[in-house]
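Take a look at the structure below.
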Amino acid sequence: MSRIGVFICHCGENIGRTVDCVRVAHNLENVPGVVHSIDYKYMCSDPGQALIKQAIRELQLDGVVVGACSPHMHEKTFRKAAAAAGLNPYLCEMANLREHCSWIHEDRERATDKAIGLARFMVEKIKYNRPLATIRIPVERRALVIGGGIAGIQAALDIADGGREVILVEKEPSIGGHMSQLSETFPTLDCSQCILTPRMVEVAQHPNIQLLAYSEVESVEGYIGNFQVKIRRKARSVDEIKCNGCGECQKNCPNQKIPGEFDRGLGMRTAIYVPFPQAVPNIPVIDRAKCAFYRGKAKGVKKAVCGKCAEVCGPKAIDFDQQDSFVTEEVGAIVVATGYQLYSIGKAQESETLRGYGEYGYGAIPDVIDGLQFERLASASGPTGGKILRPSDGKEPKTIVFLQCIGSRDRAKGIEYCSKICCMYVAKHAILYHHKVDHGRAIVFYLDIRAGGKGYDEFVRRAIEESHALYLRGRVSRLFRNGDTICVHGVDTLSGEPVAIDADMVVLATAMRAQPDIASLAQKLSISYDRHGFLNEAHPKLRPVETNTAGVYLAGACQSPRDIPDSVAMASAAAAKVLGLFSNELLEREPLIARVDQLACTGCFHCERVCPYGAIERKQLKDGKGRVIKIVAEVNQGVCQGCGTCQATCPSKSVELEGFTDEQVYAAVNAL
Amino acid sequence: MNIRRMIGKTDLDVLIRDLISAGKRVIAPVRCGDSQHEALEYAPVRSPAEIHWAGPLPLRSLKEIIFPPTETLFGWKQVKSSVEIEANPNGFRETVIIGARPCDAAAFEIVDRVMGWDYRDDLWFGRRQATTILTVACPHGDESCFCPAVGLSPESARGADWFLTPADGGFEAAILTQKGEALLEPYKAQWPEPNNFSKQQLSGLESKVRANLKVQPESIRQWLEKHFDDPLWKHVALRCHGCGACAFVCPACHCFDIVDEPEGIDRGRRRRNWDACQPALFTLHGSGHNPRKDQAARFRQRIMHKFNYYPARFGEVLCTGCGRCVRVCAAGMDLIAILAEIGRRSEEAGAAS
Amino acid sequence: MQELRDLARRLLRENQVNVILGYECARRGVRPAFITEAADCDRLVFDHRCVHNLAAYLSPRRTHVRALGRPAVVIKACDARAVAGLIRESQIEREETVLIGVRCGGVVLDPADSSPLSSGNIAPRCSACDQREPALFDHLVGEPKGAPAGEASRDARLSEIEAMNPEERLGLWIGLLGRCTRCHACRQICPMCFCERCIADKTQPAWIETSPHSRGNFAWHLTRALHLAGRCVDCGECERACPARIPLGLLSRKAARSVASRYGYVVTDDPAIPTPIGSFQFDDGQEFIA
Amino acid sequence: MRLGYFPGCSLHGTAREYEESLKAVAAALHIELEEIRDWACCGATSAHATSRTLGVALPARTLMQAEKQNLDRIFAPCAACYNRLASAQHALAHDATMASQIRSILDYSPKTSVSIINIAQLLSAQAGEIQKNSKAPLNGLKIACYYGCLLVRPPEVCKFDDPEAPNSLDHIVSATGAAPVAWDMALECCGGGFSLSRTASVVRLSRAILKSARSAGAHALAVACPMCHSNLDFRQQAINKRNRDGEAMPILFLSQLVGLSLGLDPIQLGLHRHFVSPQPLLDRIGMGKLQPERREQV
Amino acid sequence: MASSFEPNIVAFVCNWCTYTGADLAGTSRISMAPNVRIIRLPCTGRIDTLFILKALERGADGIIVSGCHPADCHYTAGNYHARRRFAIFRDLMEFVGIDPHRVTFSWVSASEGGKWAEVVDRTTERVRRLGPFRTYPRLARGAGE
């Protein structure tokens, strides 16, 4: 027989006005199991709470029902009070007599009857409440950051500065990401390299950061606070310890004419190379597909075809036999900052929903380039040393036409979303062009100008008013070669006139797209992604940097198109989340999670199918002699979030959600 | 008592109409609805026309007339910390069963023994008392019948108040009990006595169904007594799905379960429901331990109960050979085959000793 | 037939399996057989009386069958769907069970009925069945069979009931389910009802009243139908086993119709296809939600 | 290979040489062309411009005929015909209301499984054969492949090539041994249906195309559409009257080029029927003289 | 009669959207019928069809099941699973003659206090018109006796 105390709150007049609290208290008095039932003006007030504590102590209550406001308002308050009096907080429940009763009804009689009913629900429910203990999971207070772009760098530094170890994994030979390729940045036009390089160096030197460049995440096991991550360290063919980054190998590499990725094919690199001078780590890697030594071996030539780099290498760091190796790291949290790729303009598209832009002859017409190539041309460290010159003949373009929304906001081309950054970088290009080529004519075809952001719209105005960029609202249908110029056929929808412009160069403002291999990474982390391949946040408004896998966070353009400030802000936010998680050795969680009755469980694993968090694990049930009797479901306490979908789905109800068990709901329904 | 009457078809109809209009519950074999095969069931009738005298054995036995699948024992209501009991008015309605098959009628007498043994089950006897049974000579037997093997026959009048034998255009009725006589009273005068008192000669049915199973219950019992642990059980129980169908259609099975069924927080009813020994749940302890751990043990219990324990205590087998368990089993469990096998083994054993 | 027996004999002799779950002739028609000796393989039969769905015997719940060791089971196309279900829901390991597929031209409803197959005695499910052989098997035996005779629309009754008004329907089902005595034959024989402890047997709390009155019976049969939605293999065993002759198939087929029309899902013998309950589409229909 | 053949109006009239060359090439490549019985106008000209329903119903009827002839593939050499047939089929497959409308009109429901192919699809599939059997490879010829507006568009209907940067014709031309030139106007409008109503426009548009082809160094234009052909071939007179851009540019049907490479007789290929004589072209690859033409040359 | 009849309705709602939406209705003082009593659960994913049956057995005349709109689920997918469960259960209920108009399914977000009031009032009205659902709890009566 339970000993339940009922405490009905008038909430001043709020409840008392329409609900006869005295009658409610009296009625509940006669309910079997109730040993104490009173009403009071303000239960949440100190004297109110004192009444509850006192009753718990003096009457040895084993359950407390507070009829007051919404539990969202005061559940914590009253549970704390109960705990203070030595009652397990989960033996205290609230009946919502205010928001769900007094505030929405006028008829005093019926409101009171309903209030009695609501309180009754809770009295019956609480008879089946179990004392629950907060769940504590040990946390491995080290973080993994995937991706060494600006977002990854920022997150890594913030966490490291917070005093926690970070493992930063970058798949390219150097960190830096797309930002390292940019010339200047909008809206301030400060030089990208100048602000990025110091951060990169900081990463390399930070005692709390372990940088694993030219590496990729192979597999992820475990759950929040306790991930085991296997990382593949791709073979550089160069010993990272021995190499001193002198660069002799590159000078002497016979193969000097390889279109460089970093310069988007506008500049050349060698077979053994460092992607760019400021690379971190400053250690070269051998491109085995291009290197004479490996090609020779592939052809089956016995003696080494080439070994120049090895010959000239002082510290003998070249290691032609190096193989991929693996390391496994224990981490408590993971920040995903894998960034983006650019829309590939050509006809070849990895997905058949994407159409490409054959009509712009990218690849066929040499002076049709994309935005990032323009960045390289404009960059002081770029192939032209910062001069804007045509790839075809190295002449200075007098007229450049910029086309916005290439690969974005166009259903016909397979992408609806807005890439967010293009309006701004085109404005930047126009301004840079104006700076570098006087009397240069910049013409921009746009659909809309999206310049939301601090100083952004001003920046666009500046492109138009100070740099005299001509903005035409409309699309371009086709580019034609016209001698050594490009004839741009488009339409100015504001004047309604078709326009044909002879341009020396055309720059396509290509959109941000999700990384091509995102699906496999998402599966490793069991996080979801939208149909464009951008990773999904846990909640679009309230949990923008979390994912639906606890302990995995997002930063930067892997979640959606983002510019640098947004990415950095998000990275810091993710870092804050990680540091918050790391603030305790033990991770505390509400014990309102699912529990499997393994005797009754048949192991059909419907629960596994419906669990949004992958919290269901398979466990072998063994008999005394260690023989497997059956395989049953088990709930991972660290992962379960307590939605209870498993229980409603379980045909035999062999899994229970603490706090909302079948017995509790049944009892409440019984009280109808 | 040896009262006999010739009852014409129309006379019988009159009797039935009178009973119905007198507010009595009249149960008889009728066509069973929503079944794609020609099947009968015992059910209340509103007019004599509904009654099927011929045709196969009704799907379920007469048991449920006296012993319903579920019945309320009492209701309860909790007030503060005490409980109020409201007795359930188990009014025993006057009932007349017309066209009962011998194997069903006989079952009542057999079960009477256990129902009135150490504790007298008032619900059972209350209904028994209020029920008059008009048995009819069995019109139809098949390969699953074996009443002769358990000491009955298609013409057995056991448990009957009247026994009806078809005779030209109607029935020759033998009135066998006071209850029967009371029922006859209003018509005693106008219905003629049969002219020849000669015992009706047996129809071919007796010999036909006798061929289905030739065993002596006693020899079965003797074997069972010595073979609680016998590989036979594991072997025969393999195909058993462990449902309660055989027990629920059996006229003699009488196990029940008592449950308290809440109808709200503070009130509910205590009911007794049919139960059966084949489902594992029957003997499952709260601890999770089950003394009859597999189907072999459960099936053995069924046979032992019917053909060993019951005769040991009450002197006769708990089976009337109606064969329903054989017909109804979707897994092809065949009591006849099993009893035959046991009989054979018993013979051998006997010969051996 | 010989093909089947020889195969069974080989499987036992080569110790590939310990027991053959098949069919044999008995005093009263055909019944399930459990053959552990190569010598007994000649008892095996397969003909139009083999209505039983032997997949039921594979479920771990059948401890006494499991005790016999590694099984080979004779399955018709319809039975194969059940086997797939058991694999899909982790009840058996595909590798641990040898599947002997048999070509089937339809079976009779009553295994004791030895008269030739006709639209009169055919099992209702067969008249609508267009699968002559399973796709899921290790061995496939038997002569190719023709499609069985049978009435065109098997679900006429279903549509008929759908057409009634709520009161009529409620009346109808009160009448039908009122006959249920909770022998649970429907559950026990069902290959997909393999729960260790059925919700109907759970007493704390007792969601489903154990008493065989219409209220308890509604809760039981509705819940069972829901649990079988997208899982029921439509082998008709529940209906065949019901001693009260309640047309239980109507409920499970209604559920099947529901998942088919809503989610385009039809139960197949491909274990890889997930069940409709436990999966979802973002744009699943929700016309009934305000 | 057996193909349903839908000539359409022009191949029996203004574009006889197209049909002649096609038949010759088909024979050489062992392709059996079976003309659809009682075919109707494809609706390209006025029908679909005036009534969408009619524009679908006409080709739908032809599809029906083809099915009754149980042809599973229909070859429509004329780009316009191809486009109408394909569009109609697309409408039947994706526009339920239209489909039912058509059903009631024809009281027959054409199944949308019949595949409709144009000359680009047909010949690029045969490219291998063409190369193998080419007796007189057209080495040294520079050809501008002109796709026009109807061959590869709209993309949802003509799925076989990139709607903005197609290359199927270039592929075929390479197979003949000739060299396709890179140029920009392969998809631009030639004036199409305005050939008679707005000659001036046609002249302007066609001229741009010819200029572009010339500047790309092409010796001739390969076309796959009778309408384009008549515009570009017949209108060159007018064009060159107004402004002397340079040598007249022979306009050849793709089938004629292929035919030449297969070593077929130019006359058999109808090369003598053009307004702009392809003679210079033939000289370039060392082929015999065409018969003296009735019409005076440009 | 029907007008004087006050239906007894129970609502099973999710904690994050509908319960909070009902709170909002309260703080906004939106008046509504007092016939509905809420039982709070974490997610529609937790709401079992057994709750509905038991409520009917206990004499509920009407039932409301409500949770987060698609894509709003606090647990990302609970409501999608619930949607399928209830779709099929509703079909079955209807099939055995339990008038589906007695059960309202709705999506009510935390910001839709007004919508919650509508759902409550509309359901109350509808069930009032249908009259009391005594049939169901009484299905147990008379069995055997």
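Numbers restart at 1 for each chain; the letters A, B, ... are given by sequence-line order, proteins then strands.
Residues B:Thr70 and C:Glu209 have side chains not in contact (no heavy-atom distance under 4.5 Å, counting atoms from C-beta outward). Looking at C:Glu237 and B:His241, their side chains never come closer than 4.5 Å, going by heavy atoms from C-beta outward. With a 4.5 Å cut-off on side-chain heavy atoms, B:Arg239 and C:Tyr57 count as touching. Counting heavy atoms from C-beta on, the side chains of C:Ile189 and B:Cys243 never come closer than 4.5 Å.
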**Message:** Working note: C:Arg215 + B:Glu263, criterion side-chain contact (heavy atoms from CB on, under 4.5 Å); need CA distance, chi angles, decisive distance, verdict.
**Reply:** CA-CA 12 Å; C:Arg215 194 174 68 194; B:Glu263 297 198 323; 3.1 Å; yes

**Prompt:** C:Arg28 and B:Asp334: salt bridge (Lys or Arg N to Asp or Glu O under 4.0 Å), yes or no, with the steps?
**Reply:** CA-CA 8 Å; C:Arg28 195 169 172 280; B:Asp334 184 350; over 6 Å; no

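The heavy-atom pair separating B:Val328 from C:Pro243 by the smallest distance is CG2-CB, 3.3 Å. When every heavy atom of C:Arg179 is checked against every heavy atom of B:Cys32, the shortest pair comes out as NH2-SG, 4.5 Å. Of all heavy-atom pairs spanning B:Glu261 and C:Ser211, the tightest one is OE2-OG, 2.5 Å. Across all non-hydrogen atoms, the minimal contact from C:Arg245 to B:Ala39 is NH1-CB, 3.4 Å. Considering every non-hydrogen atom in both B:Ala330 and C:Arg240, the closest pair reads O-NH2, 3.0 Å.
Contacts between C:Ala185 and chain B at a heavy-atom distance below 4.5 Å involve backbone atoms as well as side-chain atoms. For a residue to count as touching a neighbouring chain, one of its non-hydrogen atoms must lie under 4.5 Å from one of that chain's; by this rule C:Glu24 touches chain B with the side chain only. Neither the backbone nor the side chain of C:Pro111 comes within less than 4.5 Å of any heavy atom in chain B. Using a 4.5 Å cut-off between heavy atoms, B:Ala276 does not touch chain C at all. Proximity to chain B is absent for every atom of C:Leu54, based on heavy atoms less than 4.5 angstrom apart. For a residue to count as touching a neighbouring chain, one of its non-hydrogen atoms must lie under 4.5 Å from one of that chain's; by this rule B:Leu238 touches chain C with backbone and side chain alike. Neither the backbone nor the side chain of C:Arg197 has a heavy atom closer than 4.5 Å to any heavy atom of chain B. In this structure, chain B has a heavy atom under 4.5 Å from the backbone of C:His184, while its side chain stays farther away. Residue B:Arg272: no heavy atom, backbone or side chain, is found under 4.5 Å from chain C. Residue B:Ala296 does not touch chain C at all, counting heavy-atom pairs closer than 4.5 Å. For B:Cys329, no part lies under 4.5 angstrom from a heavy atom of chain C. If you measure heavy-atom distances from C:Ala206 to chain B, you find no contacts under 4.5 Å at all. Of the two parts of C:Ala67, neither the backbone nor the side chain holds a non-hydrogen atom closer than 4.5 Å to a non-hydrogen atom of chain B. At a 4.5 Å heavy-atom cutoff, the contact between C:Thr63 and chain B is made by side-chain atoms alone.
B:Phe74 CZ: more than 12 foreign heavy atoms inside a 6.0 Å radius. Under a cut-off of 6.0 angstrom, the local environment of NE2 in B:His140 is crowded, with over 12 non-hydrogen atoms contributed by other residues, nucleotides or ligands. A 6.0 Å sphere centred on CD of C:Glu37 holds no more than 12 heavy atoms belonging to other residues, nucleotides or ligands.
Here the CZ atom belonging to C:Arg27 is positioned 5.5 Å from the OG atom belonging to B:Ser144, to the nearest 0.5 angstrom. Atom-to-atom distance recorded for C:His213:NE2 and B:Thr72:OG1 is 7.5 Å, nearest 0.5 angstrom. Taken from CZ in C:Arg182 to CH2 in B:Trp274, the straight-line distance is 13.5 Å, to the nearest 0.5 Å.
By number of non-hydrogen pairs under 4.5 angstrom with chain C, the leading residue of B:Ile336, B:Val249, B:Leu281 is B:Ile336. Between chain C and the residues B:Met333, B:Gln278, B:Arg327, B:Arg60, the most heavy-atom pairs under 4.5 angstrom are made by B:Arg327.
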